[in-house]
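Structure first, then comments.
From a predicted model like this one, the values you see are computed outputs, not experimental measurements. Scope of the values below: all heavy atoms of this structure, side chains included, with no hydrogens, waters or symmetry mates.
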Amino acid sequence: MLLRQLEYLVALARERHFARAADACYVSQPSLSAAIRRLEHELDVPIVRRGRRYEGLTPEGTVVLAWAHRILAERDGLRQELSELGDGLTGTLRLGVIPTALPVASLLTTPFCEGHPRARVSIASLSSAEITHGLAEFELDAAMTYLDDDTLRGLRRLPLYEERYVLLTPVDGPLATASTARWAQAAALPLCLLGPRMRNRRIMDECFAADGAVATPAIESDSVAGLYAQLPGSRWSSVISHAWLYMFGVPEGMRVVPLDGPAHAPRVGLVTGPDDPPSVLAGALLTVAGEAGVRQALDALLRTYLAGQG
């Protein structure tokens, strides 16, 4: 059995199309198909359900695919460990990040790259469900995601910070001079929020509901950047995670007001895959994360913005 055959199988399962899988592996389609047939012959089991086109994997093929992910991950781990004995850690760290944590990902990736200049980082903005799948299938080395997720059980988790929610509101708005505001007060404002498909929005909706309110935003966005783009010089207010201030700050003409009352503070952390111990790259990122002081940096940033408002 050749590792290349396993790479072809993983590509086929990911692309669900022979031609696209062949393109991803930089080989011809006949070469990829022949390699997978040889793998079926060597293992003496059918792996791919074939018709006029790719129709999925057989039950045996699903088992082979899971082993292929593990074997290729071990191969990559071997290369990384050997590189560490030479001129320093090499390879590409595959990091999945939920969209609402992207603004602070550099607090980990920058010191990681500074400490390991021969290594690279590939960041993918993914949903919580996509991150769980990516870790389980060895497609990700690590992820920044919400830790209160039952699907992450059994995985190594390192808390980074708790989301603290604040109101961004125009300086001439009714709550601009308030020292704190309640969620129900925020719900009564003209709002721009993340869309309901976003996990962060669903958490916020729970906070509104706990204060007896329902938020009905006039504008919704599927990204933090898209949300912020609506705020400068406008009439809209928004509820944001304090972590977003690290990248986007406070738009001109707006103020930050802490939210008081019922609130759930979900934890965001670094999660590594099911391999134990973690891969060399993931282990190096865990070391960086343990020393980065993300929680302290974000809390200090929020205090600075609040103090600067007078």
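Between Phe138 and His69, the ring planes lie parallel to each other; the angle is under 30°, not in the 30° to 60° tilted range. Note: Tyr228 and Phe248 have parallel aromatic rings, judged against thresholds of 30 and 60 degrees for the angle between ring planes.
Arg182 contributes no side-chain N or O that, together with a main-chain N or O of Leu259, makes up a donor-acceptor pair within less than 3.5 Å. A donor-acceptor pair is defined here as one N or O able to donate and one able to accept, closer than 3.5 Å; such a pair exists between the side chain of Arg255 and the backbone of Ala176. Side-chain N or O atoms of Arg50 include none that pairs as donor or acceptor with a backbone N or O of Glu55 at under 3.5 Å. Between the Ser223 side chain and the Gly226 main chain, a donor and an acceptor come within less than 3.5 Å of each other. For the pair Thr58 (side chain) and Arg49 (backbone), a donor-acceptor distance under 3.5 Å is absent. Listed for the Ser31 side chain is no donor-acceptor partner under 3.5 Å among the backbone atoms of Val27.
Nearest heavy-atom pair, Leu302 versus His242, reported as atom, atom and distance to 0.1 Å: CD2-CB, 4.1 Å.
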What verdict does the side-chain contact (heavy atoms from CB on, under 4.5 Å) test give for Arg157 and Leu152, after you've listed the backbone C-alpha separation in whole Å, the side-chain angles of each residue and the deciding distance to 0.1 Å? CA-CA 8 Å; Arg157 291 179 280 184; Leu152 299 177; 4.2 Å; yes
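Using a 4.5 Å cut-off on side-chain heavy atoms (C-beta onward), Leu155 and Thr272 make no contact. Looking at heavy atoms from C-beta onward, Leu12 lies out of side-chain contact with Glu15 at the 4.5 angstrom threshold.
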Got a list of side-chain donor-acceptor pairs under 3.5 Å for residues 284-297, not counting sequence neighbours?
| unit_1 | atom_1 | unit_2 | atom_2 | d |
| --- | --- | --- | --- | --- |
| Thr287 | OG1 | Gly283 | O | 3.1 |
| Arg295 | NE | Glu162 | OE1 | 3.0 |
| Arg295 | NE | Glu162 | OE2 | 3.4 |
| Arg295 | NH2 | Glu162 | OE2 | 2.9 |

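Side-chain contact check for Arg120 and Thr92: at least one donor-acceptor pair (N or O, by modelled atom type) lies under 3.5 Å.
Take Thr100 and apply the side-chain hydrogen bond (donor to acceptor under 3.5 Å, both in side chains) test, not counting sequence neighbours, and it matches Tyr146.
Atom CZ of Arg4 has more than 12 neighbouring heavy atoms from other residues, nucleotides or ligands inside a 6.0 Å radius.
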